[in-house]
Trainee: 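Structure below; questions to follow.
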Amino acid sequence: MTDKRHMLNEHVAIVTGAANGIGRAIAEAFLDHGCRVLATDRDAGGLQSLANSQPDRTIAITADATKASVAAQAVEKALSKWGRLDILVNNVGGLVGRPDLEATEEQWLATLSLCLSSHFFWSQAAAPAMAANGRGRIINISSNAGRYRSNTGTSGISYSAAKGGVLALTRSCANALGPQGITVNAIAPGSVLTELGVAEAKGLDPDLYDRVMSETALGYFAPPSEIASIAVFLASDDASYVTGATLLANGGWCTS
Ligand SMILES: NC(=O)c1ccc[n+]([C@@H]2O[C@H](COP(=O)([O-])OP(=O)(O)OC[C@H]3O[C@@H](n4cnc5c(N)ncnc54)[C@H](O)[C@@H]3O)[C@@H](O)[C@H]2O)c1
């Protein structure tokens with residue numbers, strides 16, 4: 001069998017929300033496969049601990065990922081340091097404010113900004129550099145809530161709407177960028193053992209954790225590494241003919 005350990009060797013990746021949870025697991029998996037990673041997050045301490053593990057192959061940028069100007073500057077930084085950009089993982093996301101129809105205008109817009117607009121801004125900034133190489137990979141982190149629906153009282157209506165938007169954004173960007181050799185795919189995780197996943201499930205609705213477990217065919221919350229391995233596949237040449245797709249990684253948790 002071919003050794004695929006270094007199948008992303010010397011590739012350059014940007015990962016947003018890389019200090020913790022799924023984004024961190026993806027950044028670590030990319031580093032493990034030989035990538036150089038520009039990791040960005042608003043959590044400076046988390047980023048630093050990531051960068052400390054592979055300082056020569058990591059750039060850490062502490063910033064708010066919802067700003068288009070931050071995306072443009074980060075791409076510039078990756079290009080000036082490493083001269084290329086191969087992979088973008090749009091990972092930041094989460095619910096801002098109330099999950100229900102009582103959400104304020106500000107909360108609704110903030111959730112869309114974090115989960116959906118940020119993915120557009122980073123894709124817009126990254127695509128020209130990938131097109132210059134004739135190859136690129138954009139991976140958007142959506143959610144089971146974007147494919148099916150929100151969990152009432154927890155993940156939220158605005159979150160679900162934004163994550164559904166990510167799937168439509170993925171298909172449209174795949175169509176627009178395919179001719180330039182750039183694939184665009186989404187991963188829609190179900191329940192993942194991160195601060196966000198567990199806090200939402202346990203904190204907002206004490207019964208939800210047990211209910212999700214009972215509704216999930218595989219019967220467990222995934223460790224972030226089980227999402228990261230999908231990102232590695234989508235970033236690799238093994239996924240060369242996959243674009244516009246959504247990979248559901250929900251352990252069989254199909255809410256309808
Ligand atoms: N955990 C789950 O069960 C689950 C399920 C489905 C989808 N997701 C999605 O996966 C992605 C990652 O979620 P997670 O569970 O790892 O969350 P997390 O809260 O564990 O990590 C999110 C990271 O993003 C950073 N971040 C948040 N807002 C930011 C901003 N404006 N600018 C820069 N950085 C910011 C945080 O500091 C944190 O490091 C999100 O898009 C989330 O919606 C998670």
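Every number for a ligand or one of its atoms is a count from 1 in the order of the listing.
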Trainee: Show me which atoms of ligand 1 lie under 4.0 Å from any heavy atom of I141.
Mentor: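 Those of ligand 1 that fall under 4.0 Å from I141 are 9 (C), 10 (O), 11 (C).
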
Trainee: Going by the order shown, which atoms of ligand 1 are within less than 4.0 Å of some heavy atom of S142?
Mentor: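 Here the atoms of ligand 1 in question are 7 (C), 9 (C).
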
Trainee: Counting only heavy atoms closer than 4.0 Å, does ligand 1 sit against the backbone of S191, its side chain, both, or neither?
Mentor: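 Answer for S191: backbone.
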
Trainee: Which ligand 1 atoms, with their elements, are less than 4.0 angstrom from a heavy-atom of Y159?
Mentor: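 Checking each atom against Y159, I get 6 (C), 7 (C), 8 (N), 9 (C), 42 (C), 43 (O).
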
Trainee: Distance alone, cut at 3.5 Å: any donor-acceptor contact between the side chains of S49 and R24?
Mentor: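 Yes.
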
Trainee: Looking only at atom types and distance, does a side-chain atom of T246 sit under 3.5 Å from a main-chain N or O of A186, one as donor and one as acceptor?
Mentor: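 The answer is no, because no donor-acceptor pair under 3.5 Å joins these two groups.
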
Trainee: Any heavy atom of P224 closer to ligand 1 than 4.0 angstrom?
Mentor: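 No heavy atom of P224 comes that close to ligand 1.
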
Trainee: Considering the heavy atoms of G93, write down every atom of ligand 1 situated less than 4.0 Å from one of them.
Mentor: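 Reading through ligand 1 atom by atom, the close ones are 40 (C), 41 (O), 43 (O).
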
Trainee: Report, in ascending order of atom number, the atoms of ligand 1 lying under 4.0 Å from any heavy atom of I22.
Mentor: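 Close to I22: 10 (O), 16 (O), 44 (C).
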
Trainee: With a 4.0 Å cut-off on heavy atoms, does R24 reach ligand 1?
Mentor: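 False for this residue.
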
Trainee: Which atoms of ligand 1 have any heavy atom of D64 under 4.0 Å away?
Mentor: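 That gives atoms 30 (C), 31 (N), 32 (N) of ligand 1.
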
Trainee: Does the residue A63 have a heavy-atom contact with ligand 1, meaning some pair of atoms that are separated by less than 4.0 Å?
Mentor: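 Judged by the 4.0 Å heavy-atom criterion, A63 does count as contacting ligand 1.
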
Trainee: Does either side chain, that of N90 or that of S123, offer a donor lying less than 3.5 Å from an acceptor on the other one?
Mentor: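 There is such a pair (donor and acceptor under 3.5 Å, judged by atom type) between the side chains of N90 and S123.
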
Trainee: Is R42 close to ligand 1, meaning an N/O of one under 3.5 Å from an N/O of the other?
Mentor: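 Checking ligand 1 against R42, an N or O pair does fall under 3.5 Å apart.
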
